[in-house]
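In listed order, ligands and their atoms are each counted from 1.
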Amino acid sequence: MARPAVSMASAPTTPAVELEDIQGLVRFAYKHHTEAVFLLLRVTDRAAARAWLARAAITDALTRNPAPDTALQVGLTSGGLRALGVAEDIIDSFSPEFVEGMAGDPSRSRRLGDQGANDPTRWLWGSGERVPHVAVLLYALPGLLSGLQQTTEEQLRPGFEITGWLTTTNLGGIEPFGFADGISQPELDWSRQRPACDIAQPSYVSVSCLGEFLLGYPNEYGLYTPRPLLEPDRDAEGILPRAEDAPESCDLGRNGSYLVLRQLGQDVSGFWQALDRYAGGVASRREQLASSMVGRKLDGQPIVTLQSSAAPAGDNPQASLNAFDFRSDPQGLRCPLGAHIRRANPRNADLPPGGDGLVSQLVRILGFDSQAREQDLVASTRFHRLLRRGREYGVGVTPAQALAGVGAGEDRGLHFVCLGANLQRQFEFVQSAWLMSTKFDGMREESDPLLGNRRPVGGGMPADRFSVAQPNGPSQCLTGLPQFVTVLGGAYFFLPGIRALRFLSGTR
Ligand code: HEM
């Protein structure tokens, strides 16, 4: 929906961003740090756990030359805050999704598609007693991970039990199905130049206000996302910064973000063998179908035409693969409406597509254009961006090997990681309303072709289809799609600012 212009007074001057207080993962994907492991921990000795968190060598978001050899990041679940002895009223002032947890409510599980084979009761970790308290994410340049891991685990032992080791594999920027990944990312406005006010934006851009990904800064609505703000007497040592929008309070959220971690098992053989059946064994057709499900070719090229009008992301080397939106393909003739990247980021602006003239804009704002109304359902992408930081795991196989059944039955997939300041409006919205929903952009009976869990919905309506619009006739519709991705674990973490982490490790 187009929103009315609201003038929001943020801070009178715009203070610089405190990169030294932000965990580096918000700014860097650590792509050169090709080795990584995520440790899942439960607190066994509160005092020892706090002592480790108080002095852990967290890598910050400052640019260093050369880059550090290794990086260490820390996230905490709401159960983790409780185990550390953080006061209940402080925990309750985090977002409700975080407090309840990813697997903490059957209605959330239903909306996220965590049913049937994805049901949390079947997860390897992340539900019931297997919800971790803390995640320690370790990244290292080639050859340096095992040393870092060994030292870190020794330091952790007095305070924690390590309940899970999420190992990762460097597949060279290719996800297990065989597609180039990590290409499209929102570009954060680190210099705080983007106006933090809710004025309708007529075309899609990839730049996001900092407050979309970091608490304590204005978001795309020009507002500060709710977060824990404390009376100064709760912070006797004066560790926390004051809130920009409420200087009488200490800002426990400032420079923090929410981190979503989901272990997604991928049936790579099942994927290529199913596509081969649909393609009648014709290799070129098989690859074309796979590309239409993703919205990009295996090498990352988008299947819609690149446009010069779509602003490429500034210092992103892959910007040339991102200079497109879907305005030139409203019916999905080039890129199906249900393709993964089109669902995950419809690249729409606040106004449905149309001319730039005043009358045209007014007609669309007022909703008089019926086609525009339908498209408006997936509009305003800028409020639903995700900063993805996932890592692959398991032994890689090529599409040809997978087709021949090599590695079938082995566990491989994606440790999906994304960051955002608002779990509900970002991860949960994208996952439920866009990826899993069978009612997306005028479509029925299908959900995301990669991620859908294919269980019939609403009294038996099928959800296992994928339709590809055709220029001269009805859509081609694949039916009986198998499930290719299974959720094997997951949790919501708070990735605190570094001062906030020190505060949390000492609060009573
Ligand atoms: C095993 C599971 C998944 C696989 C194999 C997968 C694969 C891909 C691939 C190949 C791309 C295109 C490359 C790129 O633009 O970076 C992509 C883009 C994307 N995916 Fe996924 N993905 C998975 C899960 C998810 C989940 C769970 C979400 C969100 C809840 C998600 C959100 C996105 C987004 C936001 C984009 C970028 C779209 C754009 O801006 O154009 N993906 N994914």
Whether Ser257 side chain and Phe213 backbone form a donor-acceptor pair below 3.5 Å: yes
Step-by-step side chain to side chain donor-acceptor pair (under 3.5 Å) determination, Tyr258 to Asn422: CA-CA 7 Å; Tyr258 290 107; Asn422 189 321; over 6 Å; no
Return all side-chain donor-acceptor pairs below 3.5 angstrom for residues 169-182, not counting sequence neighbours, or 'none' if the list is empty.
from	atom 1	to	atom 2	distance (Å)
Thr169	OG1	Gly394	N	3.1
Thr169	OG1	Gly394	O	2.7
Asn170	OD1	Gly172	N	2.9
Glu175	OE1	Phe177	N	2.8
Glu175	OE1	Gln266	NE2	3.0
Glu175	OE2	Phe177	N	3.3
Glu175	OE2	Gly178	N	3.1
Glu175	OE2	Phe179	N	2.9
Asp181	OD1	Arg388	NH1	3.2

What residue and atom, counting heavy atoms only, is the protein's closest point to [atom], and at what distance?
| atom | value |
| --- | --- |
| atom 39 (C) of ligand 1 | Ser184 OG, 3.1 Å |
| atom 38 (C) of ligand 1 | Asn345 CB, 3.8 Å |
| atom 3 (C) of ligand 1 | Leu414 CD2, 3.8 Å |
| atom 41 (O) of ligand 1 | Arg347 NH2, 2.7 Å |

Proximity flag Gly182 to ligand 1, non-hydrogen atoms under 4.0 Å: yes
Ligand 1 contact by Ala180, heavy-atom criterion under 4.0 angstrom: yes
Pairs satisfying salt bridge (Lys or Arg N to Asp or Glu O under 4.0 Å), at least one member in residues 392-402, at least two apart: none
Lys/Arg-Asp/Glu bridge criterion (N-O < 4.0 Å) met for Arg385, Glu212: no
Salt bridge present between Lys297 and Asp299 (N-O < 4.0 angstrom):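 No, no charged N to carboxylate O under 4.0 Å.
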Close side-chain approach of Phe440 to Asp448, heavy-atom, < 4.5 Å: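 Result no, sub-4.5 Å side-chain heavy-atom pair not found.
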Contacts of Asp267 that satisfy salt bridge (charged side-chain N to carboxylate O under 4.0 Å, His left out) - sequence neighbours left out: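 For Asp267 there are no salt bridge (charged side-chain N to carboxylate O under 4.0 Å, His left out) partners, ignoring immediate neighbours.
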Just jot down the ligand 1 atoms closer than 4.0 angstrom to any heavy atom of [X], in number order.
| X | result |
| --- | --- |
| Phe427 | 30 (C) |
| Phe179 | 10 (C) |
| Gln431 | 27 (C), 30 (C) |
| Leu435 | 28 (C), 29 (C), 30 (C) |

No-hydrogen, no-angle side-chain donor-acceptor test under 3.5 Å, Ser184 and Arg347: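 On atom types as modelled, these side chains qualify, holding a pair under 3.5 Å.
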side-chain contact (heavy atoms from CB on, under 4.5 Å) between Arg296 and Leu321, worked out: CA-CA 10 Å; Arg296 290 187 187 270; Leu321 294 176; 3.9 Å; yes
Aromatic contact, Phe326 with Phe324 (centres under 6.0 Å):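 Under 6.0 Å, so yes.
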Closer than 2.8 Å to atom 21 (Fe) of ligand 1 - protein N, O or S atoms, ordered by chain and residue number: His340 NE2
Sub-3.5 Å N/O-N/O distance, Leu264 and ligand 1: no
